[in-house]
There are 2 protein chains.
Amino acid sequence: MNALHHCISQYYPISIPAWEALSSALTRVELPKNAFLVREGTVCNKLYFLERGCLRGYYNLDGKEVTYWFGFEHNFITSFYSFISRKPGIENIQVLEDSTLWGISSEALHQLFDAHHDLERLVRIINEQYYIRLEERLMAMQFKTARERYEQLLGTSPHILQRIPLGQIASYLGISQETLSRIRSQV
Amino acid sequence: MNALHHCISQYYPISIPAWEALSSALTRVELPKNAFLVREGTVCNKLYFLERGCLRGYYNLDGKEVTYWFGFEHNFITSFYSFISRKPGIENIQVLEDSTLWGISSEALHQLFDAHHDLERLVRIINEQYYIRLEERLMAMQFKTARERYEQLLGTSPHILQRIPLGQIASYLGISQETLSRIRSQV
DNA sequence: TTCCTTTTTTGACAATTGTCAAAAGAAAAC
DNA sequence: GTTTTCTTTTGACAATTGTCAAAAAAGGAA
């Protein structure tokens, strides 16, 4: 749980009572490789912090698995659409490496928001940072070639390439596995 | 300002004191077509609510203008990256139709957050809704063809097509103007 | 090791999309 | 109404990327 506290303090340092309330509301979750944290068609009403391991979010489109994000150590994980809208999502979240997570339910989190203004501020700030990241990714997707997107990924997250199968990375980049393989051979 | 109050209440109904504090902190901004709300290379430290008119966000890439969002009536407008990170952004925000906006500075907004927890909650909730929208757009960009993205836009925002030049829409969809023109002729 | 499964690469070809250039059309200015 | 400017369409061709199928390579299990 120290990792979470450290992670949080980089966004916004919350008060000791807020931290105590938060940490006592968390549940530890251990999942082995290939397990599912969230299944499509269900409501995901938990938010997780990933302490150890790695996961991916994907959905099924025309019989193919389409990966659209990866989560690594010290990332916040949930099916955002489902968590925020409280509706069933199309997203599956699968464990790619044995993982340790800390989870909190939507209800518990909102109760904490009522009691601790600074906790809600923390979440607002984290949301904003995640928004910026998403915006950057959208811009890359919209205006860069497959090769440029791959090279950008190489620069910002070289660890992805050692930990994730090529097909899933290709899907994440919005290209076919064959194209990514060819890009790599021509670098 | 009624439009803003109505818009806000659809996200989260704030208290009367919070609304009074917010509304007295707002500045009205009138801008004619082709004016700039934000210029690249500057810090955008204001958040706007667009009451009337329409705008676009774009940046320059290899000498070309790349449009990546449009704002219409009752949208919240800012250069999100710059507003959140407080750093100069690469984004220009240009007025496409004579517009009326209500603006608030980052400093004033954060002061209001300290005084009114419910205002910060409102912004957290709005952020979340905007995050979901962005996520949907990313998924379309990543896994749909140009034609599918165009048809999706036709379905969700037909008004865009009557108000925005084709070249800017094409840019927004991540395709060339010629390709969009050909897609339209084949529907 | 050997076998089996999964992952990655390669080839051939098709489909999609981009680029450049010019023409046509629409809107604004005079 | 005419001219000028901006926007949209069309043509020809090139570049990029996808699809299908098979081979090669890598990783695990027995």
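Values below: all heavy atoms of this structure, side chains included; hydrogens, waters and symmetry mates excluded.
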(message) If only side-chain N and O atoms count, and only distance matters, is there a donor-acceptor pair under 3.5 Å linking B:Gln168 with B:Thr67?
(response) no
(request) For a side-chain hydrogen bond (donor to acceptor under 3.5 Å, both in side chains) with B:Glu91, tell me which candidate from B:Trp69, B:Tyr59, B:Tyr58 qualifies. (result) B:Trp69
What is the distance, rounded to the nearest whole Å, between atom [atom1] of [X] and atom [atom2] of [N]?
X        : N      : atom1 : atom2 : result
A:Ile164 : C:dT7  : CD1   : C1'   : 14 Å
A:Arg184 : C:dT7  : CZ    : P     : 14 Å
B:Leu96  : D:dC6  : CG    : P     : 16 Å
B:Tyr150 : D:dT8  : OH    : P     : 11 Å
A:Ile169 : C:dT9  : CD1   : P     : 10 Å
B:Leu166 : C:dA27 : CG    : C1'   : 15 Å

(request) Anything under 30° is parallel, anything over 60° is perpendicular, the rest tilted; go ahead and classify A:His74 against A:Phe49. (result) parallel
(message) I want to check a possible cation-pi pair here: B:Arg39 against B:Phe36, using under 6.0 Å from ring centre and within 45° of the ring axis as the test.
(response) yes
(message) Within the 4.0 Å limit for protein heavy atoms, which parts of nucleotides 14-28 of chain D are touched? Write it as a string from 5' to 3', B for base, S for sugar-phosphate only, - for none.
(response) ---SSBBB-------
(request) Spell out, as yes or no, whether a donor-acceptor pair under 3.5 Å connects the side chain of A:Asp114 to the backbone of A:Gln111. (result) no
(message) Hydrophobic clusters here meaning ILVMFWY residues chained together by side-chain heavy-atom distances under 4.5 Å, can you tell me if B:Leu26 and B:Leu101 are in one?
(response) no
